[in-house]
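Working notes, beginning with the structure itself.
As a basis for the values below, the full set of heavy atoms in this structure was taken, side chains included, without hydrogen atoms, waters or symmetry mates.
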Amino acid sequence: QVQLVESGGGSVQAGGSLRLSCVASGIRYSTDCMAWFRQPPGGEREGVAAIRLGTGSTYYADSVKGRFAISQDNARNTLYLQMNSLKPEDTAMYYCAAGPRPRRTYYGLFAANHNYWGQGTQVTVSS
């Protein structure tokens with residue numbers, strides 16, 4: 001059974017940095033895409049960053065491009081999201097997701113591409 005466990009969330013001031021981790025277990029051969037999503041209080045879940053596990057190809061939402069970086073450590077079965085220059089609007093619950101290979105990495109930003117989800121880790125950015 002696939003399990004995704006996120007960690008690394010917390011409270012920071014605007015301009016600060018955080019690194020989120022997602023440890024994956026039970027990942028199947030057919031899983032080729034992982035991504036980070038976020039859902040602000042009272043808001044909708046949105047894709048933040050996606051990565052193709054086989055090629056390392058990445059895609060970012062415009063709102064985080066240049067500030068966030070998604071990466072993988074295959075030896076540790078861990079997905080990371082390095083978040084720099086954080087803004088108050090980055091405040092949200094952040095979720096790790098995994099799914100099959102999308103037609104393009106861009107589609108990894110869509111929740112429908114993923115069938116495994118973690119429980120989330122809270123990120124709060126104060127001004």
Side-chain angles (χ1 to χ4, degrees):
Q1 184 173 351
V2 176
Q3 279 194 320
L4 304 174
V5 180
E6 303 98 332
S7 63
S11 297
V12 295
Q13 289 192 327
S17 298
L18 282 174
R19 188 176 79 157
L20 305 184
S21 300
C22 171
V23 177
S25 60
I27 289 291
R28 301 178 180 180
Y29 179 76
S30 59
T31 298
D32 185 66
C33 181
M34 295 189 72
W36 289 97
F37 288 75
R38 66 185 181 186
Q39 186 166 13
E44 296 184 353
R45 189 171 296 192
E46 63 168 344
V48 172
I51 187 168
R52 286 275 308 279
L53 301 181
T55 64
S57 172
T58 59
Y59 201 94
Y60 296 91
D62 288 342
S63 57
V64 306
K65 203 171 293 183
R67 300 188 298 122
F68 290 11
I70 188 172
S71 62
Q72 57 179 329
D73 183 335
N74 292 331
R76 292 185 170 85
N77 291 329
T78 302
L79 182 75
Y80 299 102
L81 184 68
Q82 178 67 42
M83 304 186 296
N84 299 324
S85 302
L86 283 162
K87 304 175 181 179
E89 51 263 43
D90 294 319
T91 294
M93 184 71 79
Y94 282 72
Y95 299 90
C96 173
R101 182 176 64 186
R103 187 154 48 99
R104 291 170 50 197
T105 310
Y106 162 74
Y107 292 108
L109 294 185
F110 292 85
N113 188 78
H114 302 279
N115 41 20
Y116 302 109
W117 294 84
Q119 294 300 307
T121 184
Q122 178 67 38
V123 172
T124 302
V125 185
S126 57
S127 57

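Formation of a donor-acceptor pair under 3.5 Å by the His114 side chain with backbone atoms of Ala35 is not found in this model. The main-chain N or O of Gly9 is found under 3.5 Å from a side-chain atom of Thr121 such that the two form a donor-acceptor pair. The backbone N or O of Ile70 sits less than 3.5 Å from a side-chain atom of Tyr60, completing a donor-acceptor pair. A distance-only check finds a donor-acceptor pair linking the side chain of Arg67 to the backbone of Ser85 [under 3.5 Å]. No donor-acceptor pair closer than 3.5 Å links the side chain of Thr91 to the backbone N or O of Glu89.
Within 6.0 Å of the CD atom in Gln119, the count of heavy atoms belonging to other residues, nucleotides or ligands does not exceed 12. Around the CD atom of Gln3, the shell of radius 6.0 Å holds no more than 12 heavy atoms that belong to other residues, nucleotides or ligands.
For the pair Glu6/Ser21, no side-chain contact is recorded, criterion being any heavy-atom separation below 4.5 Å from C-beta on. Side-chain contact between Leu18 and Val125: absent, with no pair of heavy atoms (C-beta onward) separated by less than 4.5 Å. Counting heavy atoms from C-beta outward, Asn77 and Gln72 have side chains that stay 4.5 Å or more apart.
Atom-to-atom distance recorded for Ser11:OG and Leu86:CG is 11.0 Å, nearest 0.5 angstrom. Expressed to the nearest 0.5 Å, how far CE of Met83 lies from OH of Tyr94 amounts to 5.5 Å. In this structure, Asn115 CG and Thr31 OG1 are separated by 6.5 Å, a value rounded to the nearest 0.5 Å. To the nearest 0.5 Å, atoms CZ (Arg101) and SG (Cys33) are separated by 11.0 Å. Atom-to-atom distance recorded for Met93:CE and Gln39:CD is 9.0 Å, nearest 0.5 angstrom. Atoms OH and CG, on Tyr80 and Asp73 in that order, are 4.5 Å from each other to the nearest 0.5 Å.
In this structure, Arg38 is not positioned above the aromatic face of Tyr95 in the sense of NZ or CZ being under 6.0 Å from the six-membered ring centre and within 45° of the axis.
Pairing each heavy atom of Tyr107 with each of Pro102, the nearest pair is CB-CB, 3.8 Å. Contact detail for Gln122 and Ala92: the closest heavy-atom pair is NE2-O, 3.4 Å. Of all heavy-atom pairs spanning Leu81 and Ala49, the tightest one is CD1-CB, 4.2 Å. In terms of heavy atoms, Leu79 sits closest to Cys96 at CD2-SG, 3.9 Å. Cys22 and Leu4 get closest at one heavy-atom pair: SG-CB, 3.9 Å.
Ring geometry, Phe110 versus Tyr106: the interplanar angle exceeds 60°, so the pair is classed perpendicular (tilted spans 30 to 60°).
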*asked:* Set out, in order, the CA-CA distance, both residues' side-chain angles and the distance that settles side-chain contact (heavy atoms from CB on, under 4.5 Å) for Val23 and Arg76, then state yes or no.
replied: CA-CA 8 Å; Val23 177; Arg76 292 185 170 85; over 6 Å; no

*asked:* Checking Val123 against Leu20 for the side-chain contact (heavy atoms from CB on, under 4.5 Å) test, could you report, in this order, the C-alpha distance in whole Å, the side-chain angles of both residues, the deciding distance, and whether it holds?
replied: CA-CA 9 Å; Val123 172; Leu20 305 184; 4.0 Å; yes

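At a threshold of 4.0 Å, the pair Lys87-Asp90 does not count as salt-bridged, since none of the basic side-chain nitrogens sits closer than that to a carboxylate oxygen.
A side-chain donor-acceptor contact under 3.5 Å links Ser57 and Thr105. Side chain to side chain, Ser17 and Asn84 meet the donor-acceptor criterion of an N or O pair below 3.5 Å.
You'll find the ring centres of Phe68 and Trp36 outside the 6.0 Å limit.
When hydrophobic clusters are built by joining Ile, Leu, Val, Met, Phe, Trp and Tyr residues whose side-chain heavy atoms come closer than 4.5 Å, directly or via intermediates, Phe37 is not grouped with Val64. No continuous path of hydrophobic side-chain contacts links Val5 to Ile51 [ILVMFWY only; heavy atoms under 4.5 Å].
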